[in-house]
Amino acid sequence: MSQISEEIGKRRTFAIISHPDAGKTTLTEKLLLFGGAIQTAGAVKSNKIKNSAASDFMEIEKQRGISVATSVMAFNYLDVQVNLLDTPGHKDFAEDTYRTLTAVDSVILVIDCVKGVEEQTEKLMEVCRMRDTPVIVFINKLDREGQNPFDLLDELESKLSIKVRPLSWPISIGQTFKGVYNLFDQSLNLFNPNKTKIEEDIVTIGNLNDPQLDSTVGKKDADQLRQDVELIEGVYGDFDEQKFRDGQLAPVFFGSAINNFGVRELLDTFIRLAPAPRPREADKRMVNPEEAKFSGFVFKIHANIDPRHRDRIAFLRVCSGKFERNKFFHHVRLNKDFRFSSPATFMAQEKNIIEEAWPGDVIGLYDTGNFKIGDTLTEGEILTFKGIPSFSPEIFKEVVNGDPLKSKQLEKGVQQLTEEGVAQLFIQNMGNKKIIGTVGELQFEVIQYRLKHEYGASCNFHHMNVFKACWITYEDKTEFENFVKYRSHQVAYDKEGNPVFLAESSWMLNTLIADFPKLKFHFNSEFKTASV
Ligand code: G4P
């Protein structure tokens with residue numbers, strides 16, 4: 001096997017996603033603990049913002065810093081290099097998570113067994129479905145009085161529009177939770193609440209009729225388990241790995257992350273099932289990871305919050321070939337060649353300068369302002385990777401300069417912060433009117449704070465009565481021009497110059513859709529799905 005195939009085969013690049021509080025941080029930490037990347041629990045800083053204040057956010061960003069960026073956590077487990085990409089815990093930063101999802105090959109979705117499928121879970125799954133990302137579900141907090149596992153599976157299927165197949169099954173739940181039965185290798189993993197140790201009690205039984213089952217969990221629960229397993233086998237059929245890889249079937253695990261329970265099974269199965277880096281779609285062709293020539297794209301930019309160091313780190317996912325330190329690569333958008341003398345990878349808390357990186361790896365590149373989210377680097381070929389969609393923001397505000405002497409600084413700050421992906425920028429009147437769109441109020445506070453501290457600019461925001469931004473495409477230019485004439489105050493342009501309609505209500509949007517049948521309105525910038 002060639003070196004590149006071998007390196008690709010070893011890599012698993014994924015993210016953990018969940019509605020806030022389901023247990024993402026806890027599970028991340030436990031995976032790192034089991035993977036040997038950290039030695040003690042408590043080492044992973046939560047990136048949650050407890051009081052929803054900008055100051056909390058800034059504090060967290062400072063703590064994370066760029067020198068110990070926890071954006072990527074890589075570790076080796078059973079000869080596999082696991083690249084776990086961090087996603088923000090706060091819903092106002094969901095866009096950041098959506099973008100990170102474009103850089104992974106699979107996802108672990110954490111569900112709280114008490115709360116079931118929550119709002120953010122549904123949104124995140126929508127993004128996974130857009131690119132058929134394989135999903136493994138971990139139902140967490142089995143030590144609490146949660147919902148019936150069969151009901152939870154039904155809810156997953158109906159709310160997330162994906163088929164599921166349990167690969168482990170809980171024996172009782174809450175106070176009487178006894179453990180999980182591994183449906184794959186028919187072993188019993190017994191529950192022994194312990195937050196610090198990582199050993200579990202594993203009992204292997206010959207089959208479900210083994211009397212050891214009754215003696216270990218008691219007759220009542222043993223009978224219930226036999227009944228449940230029979231039902232599972234009848235209803236869910238065999239687990240089809242191909243369907244999982246195609247993003248159509250999600251294996252489900254049960255456990256309790258805080259108690260280290262069910263985590264080992266999840267990690268072992270993840271290593272076995274999760275796909276290695278796969279071909280990626282670019283605008284002109286599919287790019288195969290095994291191609292000799294390097295290519296990759298930037299999916300995240302992390303700014304240095306310290307105003308004395310204005311540098312940033314651009315996070316690049318390698319898609320094909322081999323990345324090498326100090327080698328010139330082509331920045332497609334700028335049509336310029338760059339080389340990087342200190343590209344970094346991140347092993348848990350440590351940052352290391354690397355000489356080379358392979359498909360599936362995420363590297364941090366020092367950037368002085370050359371990168372935007374979505375930028376592609378190649379060995380010369382002109383191509384752009386697809387799939388960094390923007391969704392319609394939910395809150396829109398006009399930027400009003402608070403200090404006329406600092407308009408240049410404001411201009412630059414707004415430009416750079418929106419390039420980092422903090423918020424979306426829409427422009428009207430040849431750039432004279434700037435509208436910022438976000439998914440949460442918190443981002444406006446963060447923008448105001450950062451403009452002041454990093455750029456010395458001051459700004460106020462005027463709330464706008466906009467319900468949704470819809471990207472417009474058209475075949476008939478005259479129809480579009482008529483539309484603009486009629487609705488000029490509601491048409492703006494995104495940063496790529498694509499026209500966007502700022503609809504004030506869903507009723508008005510529907511009326512206009514009917515009045516202008518030759519225009520197409522889209523709810524995300526990818527123009528492929530969710531068009532209305
Ligand atoms: P998140 O990143 O998805 O937002 O969730 P996080 O891991 O921070 O977990 C949210 C809360 O749920 C935490 O409690 C955590 O301790 C708890 N938790 C995680 N896994 C389990 C589990 O298996 N069982 C039970 N019963 N609880 C679990 P907290 O009180 O909000 O925070 P903390 O003070 O414990 O850190």
Side-chain angles (χ1 to χ4, degrees), residues 14-34 37-38 40-53 56-57 59-61 63-64 70-71 73 84-94 96-98 100-101 107-125 128 135-147 149 152 168-180 189-198 200 252-267 440 442:
F14 78 111
I16 303 180
I17 54 176
S18 75
H19 188 91
D21 267 352
K24 179 172 74 71
T25 312
T26 312
L27 182 65
T28 301
E29 177 165 287
K30 295 304 161 95
L31 289 177
L32 294 181
L33 207 58
F34 277 84
I38 54 170
T40 45
V44 176
K45 287 261 172 304
S46 164
N47 58 9
K48 260 193 298 188
I49 300 157
K50 296 255 185 224
N51 305 318
S52 287
D56 283 6
F57 172 79
E59 204 35 56
I60 287 163
E61 287 294 284
Q63 278 173 14
R64 281 148 58 99
T70 49
S71 293
M73 291 162 272
L84 168 52
L85 308 198
D86 191 23
T87 55
H90 197 286
K91 73 167 178 34
D92 284 9
F93 293 87
D96 207 22
T97 303
Y98 301 155
T100 300
L101 290 181
V107 149
I108 293 181
L109 171 65
V110 186
I111 305 270
D112 179 334
C113 72
V114 182
K115 298 194 176 137
V117 173
E118 296 173 84
E119 188 196 340
Q120 197 57 20
T121 328
E122 290 186 50
K123 285 202 180 144
L124 290 163
M125 266 303 286
C128 292
V135 176
I136 296 178
V137 178
F138 182 73
I139 300 188
N140 191 26
K141 308 198 186 180
L142 265 281
D143 56 317
R144 292 220 177 134
E145 304 298 327
Q147 301 175 35
L152 281 166
S168 75
W169 196 251
I171 302 170
S172 196
I173 196 164
Q175 297 241 312
T176 55
F177 178 45
K178 299 221 168 86
V180 284
N189 192 344
L190 296 179
F191 183 55
N192 176 14
N194 191 330
K195 296 188 187 183
T196 47
K197 256 182 39 203
I198 56 170
E200 296 133 299
V252 180
F253 290 84
F254 293 84
S256 166
I258 193 104
N259 294 298
N260 298 320
F261 204 74
V263 178
R264 166 94 60 200
E265 287 163 307
L266 175 72
L267 183 57
L442 184 55

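In what follows, residues are counted from 1 in the order of the sequence shown. Start at 1 and go down the list; that is how both ligands and their atoms are numbered. A quick note: this is a predicted structure, and the numbers were derived from the prediction, not measured.
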Is N140 in polar range of ligand 1, meaning some N or O pair under 3.5 Å apart?
yes

At under 4.0 Å between heavy atoms, which part of S256 makes contact with ligand 1: side chain, backbone, both or neither?
both

Is R144 touching ligand 1 with its side chain, its backbone, both, or neither, if touching means heavy atoms under 4.0 Å apart?
side chain

Can you check whether A257 has an N/O within less than 3.5 Å of an N/O in ligand 1?
yes

For I16, which of T25, V110, I136 qualifies under side-chain contact (heavy atoms from CB on, under 4.5 Å)?
V110

Just to verify, what does F14 make a ring-ring contact (aromatic ring centres under 6.0 Å, His included) with, not counting sequence neighbours?
F270

Taking the side chain as every heavy atom from C-beta outward, state whether V252 and F138 have any atom pair closer than 4.5 Å.
no

Is there a nitrogen or oxygen of L142 sitting under 3.5 Å from a nitrogen or oxygen of ligand 1?
no

Proximal atoms of ligand 1 relative to S18 (non-hydrogen, under 4.0 Å):
3 (O)

Could you pull out, from T87, T26, T25, the option with a heavy atom nearest to atom 9 (O) of ligand 1?
T26

For a quick test of reading the model, state the closest non-hydrogen atom pair linking K24 to I17 and the distance between them.
CD-CA, 4.1 Å

Does D21 approach ligand 1 within less than 4.0 angstrom via side chain, backbone, both or neither, non-hydrogen atoms only?
both

Any donor-acceptor pair under 3.5 Å linking the side chain of E122 with the backbone of V117?
no

